[in-house]
J.: 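Below you'll find the structure I mean.
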Amino acid sequence: MKKVRKAVFPVAGLGTRFLPATKAIPKEMLTVVDKPVIQYVVDEAREAGIEHFIFVTGRNKAVIEDYFDVQFELYDTLAQRGKDDQLAHLQRLQPAPGQTSFTRQQTPLGLGHAVWCARELVGDEPFALLLPDMIMQSETGCMKEMVELYERTGGNVIAVQECDPADAHKYGIVGKGETVHSGFEITAMVEKPKRGTEPSNHYINGRYILQPEIFSILEGQERGAGNEIQLTDAMLKLLKRQPFHGYHFQGRTFDCGSPEGFVEANIAFALWRSDMHERMVDLVDTLFADLTPAERGRKSR
Ligand code: G1P
């Protein structure tokens, strides 16, 4: 069985759910506490043993490439000022030379198309796919757990979580079969099912391990939900030829592509940090206690 060495990060999305913040800054560069969203996702991949990080970018995303580069002047200044801890922290987050690759999705044709754009960089080996909108909080990273399952099952692995059936139409949903090791057999998949037709309430949370055969399927994939080339539709075709296993992730997932999920992520990660925990608990308590009756009655518009 081939090891999962490479990870693909589709970062070409326009971030329209998050305007005006994303007018000039890619959504992946918005910060959760003090790190950009993309750093959380790269850290998760690295924890899982990934050695090469492939970014599928688009126009106005060059800052992501700069972010992962060495900033000589900054590093030098930190060294001269004796800020060794900060410098070491930055260097720990930094990918090694040659560990990153960047390619562009020239036209926004959907997630399936973005993944297909990485085909030459991935080559003929299994790869991890991490959707950077979704960041996770758990003691052990979601992708690390998935790699462990993959090493027992082979094939393809998709992480899932349970959602309110009323929300199933927003996601890719899988059908659940027999238990296999710490996961389960995936029997069906549907992208954005019509209300009431979902095969379960297990939604795809944005983490995948896929075999390279997905690329030849994506090559001819027609548009699906939302008139976009959907990865889920291509995976459904691959399911006829290869096993897919579900990994039921037990941690928290935040959709940082939406303002609500982004704010939730900031609160959750600040509470998670030992150096901020107490202050954040006090703040949340105080803010809530200080709400006036009029503010408490404020409903979403
Ligand atoms: C994509 C996938 C979907 C998955 C979701 C998770 O949808 O197509 O299967 O459930 O990510 O965030 P999108 O959010 O791009 O509509």
Side-chain angles (χ1 to χ4, degrees), residues 7-18 22 26-28 30 32 37-38 40-41 44 56-58 61 105 107-118 128-137 142-143 146 156-176 186-195 197-210 214 217-218 221-239 244-249 251-262 264-265:
V8 174
F9 305 89
V11 291
L14 296 174
T16 49
R17 286 187 295 160
F18 218 138
T22 49
K27 58 182 172 172
E28 298 81 8
L30 296 173
V32 169
V37 165
I38 189 69
Y40 287 84
V41 189
E44 184 189 332
V56 181
T57 73
K61 300 279 184 165
Q105 182 188 28
T107 324
L109 295 177
L111 176 61
H113 180 257
V115 173
W116 178 73
C117 290
L129 170 65
L130 298 95
L131 308 192
D133 276 356
M134 308 300 256
I135 63 172
M136 276 98 178
Q137 193 179 53
C142 182
M143 185 52 72
M146 291 170 71
N156 303 268
V157 179
I158 302 179
V160 300
Q161 285 178 265
E162 286 176 65
C163 67
D164 183 336
D167 288 332
H169 68 282
K170 298 181 189 165
Y171 301 107
I173 302 288
V174 305
K176 204 174 166 193
I186 289 179
T187 54
M189 286 176 222
V190 51
E191 182 65 24
K192 315 239 164 27
K194 292 207 169 59
R195 284 174 199 267
T197 66
E198 60 275 3
S200 77
N201 66 336
H202 286 82
Y203 77 95
I204 299 172
N205 75 0
R207 300 290 184 270
Y208 314 74
I209 293 172
L210 296 171
I214 195 75
I217 298 175
L218 284 169
Q221 185 60 48
E222 284 158 12
R223 292 174 189 239
N227 200 29
E228 294 190 341
I229 298 173
Q230 293 290 353
L231 177 65
T232 309
D233 296 344
M235 293 194 301
L236 185 60
K237 287 185 190 154
L238 190 55
L239 179 64
F244 273 75
H245 294 102
Y247 165 69
H248 195 157
F249 177 59
R252 300 190 181 100
T253 296
F254 303 99
D255 179 1
C256 288
S258 76
E260 297 84 357
F262 176 74
E264 285 164 13

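When a ligand or atom number is given, it counts from 1 through the structure's own listing order.
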J.: Counting distance only, does the side-chain N/O of Gln137 pair as donor-acceptor with the main-chain N or O of Arg252 below 3.5 Å?
T.: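 No: the side chain of Gln137 does not pair with the backbone of Arg252.
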
J.: Check whether any N or O atom of Gly172, backbone or side chain, sits under 3.5 Å from an N or O atom of ligand 1, and answer yes or no.
T.: yes

J.: Yes or no, since that's all I need: does a protein heavy atom fall within a distance strictly under 4.0 Å of atom 15 (O) of ligand 1?
T.: no

J.: Just which atoms of ligand 1 are under 4.0 Å from any heavy atom in Tyr171?
T.: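 Near Tyr171, meaning under 4.0 Å from one of its heavy atoms, ligand 1 has 10 (O).
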
J.: Any heavy atom of Asp133 sitting closer than 4.0 Å to ligand 1?
T.: no

J.: Stepwise, does the side chain to side chain contact (heavy atoms under 4.5 Å, CB included) test hold for Ile186 with Met235?
T.: CA-CA 11 Å; Ile186 289 179; Met235 293 194 301; over 6 Å; no

J.: Would you mind listing which atoms of ligand 1 come within a distance below 4.0 Å of any non-hydrogen atom of Met134?
T.: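 Here the atoms of ligand 1 in question are 12 (O).
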
J.: Does ligand 1 have any atom sitting under 4.0 Å from a heavy atom of Lys170?
T.: no

J.: In terms of atom number and element, which parts of ligand 1 are under 4.0 angstrom from non-hydrogen atoms of Lys192?
T.: 7 (O), 13 (P), 16 (O)

J.: Quick check: closest heavy atoms across Ile173 and Pro199, and the distance to 0.1 Å?
T.: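 Shortest heavy-atom contact: CG2-CD, 3.7 Å.
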
J.: Between Phe18 and Gly257, what is the shortest heavy-atom contact and its length?
T.: CD1-O, 3.8 Å

J.: Any nitrogen or oxygen of Ile204, side chain or backbone, less than 3.5 Å from one on ligand 1?
T.: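 Ile204 vs ligand 1: N/O contact under 3.5 Å present.
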
J.: Quick one: which ligand 1 atoms are inside 4.0 Å of a heavy atom on Leu131?
T.: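 Numbered from 1, ligand 1 contributes 1 (C), 11 (O).
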
J.: Might you check, step by step, whether the distance between atom 7 (O) of ligand 1 and some protein heavy atom is under 4.0 Å?
T.: yes

J.: Does ligand 1 have any atom that is closer than 4.0 Å to a heavy atom of Thr232?
T.: yes

J.: Restricting to side-chain contact (heavy atoms from CB on, under 4.5 Å), what partner residues turn up for His248, sequence neighbours left out?
T.: Glu162, His202, Gln250

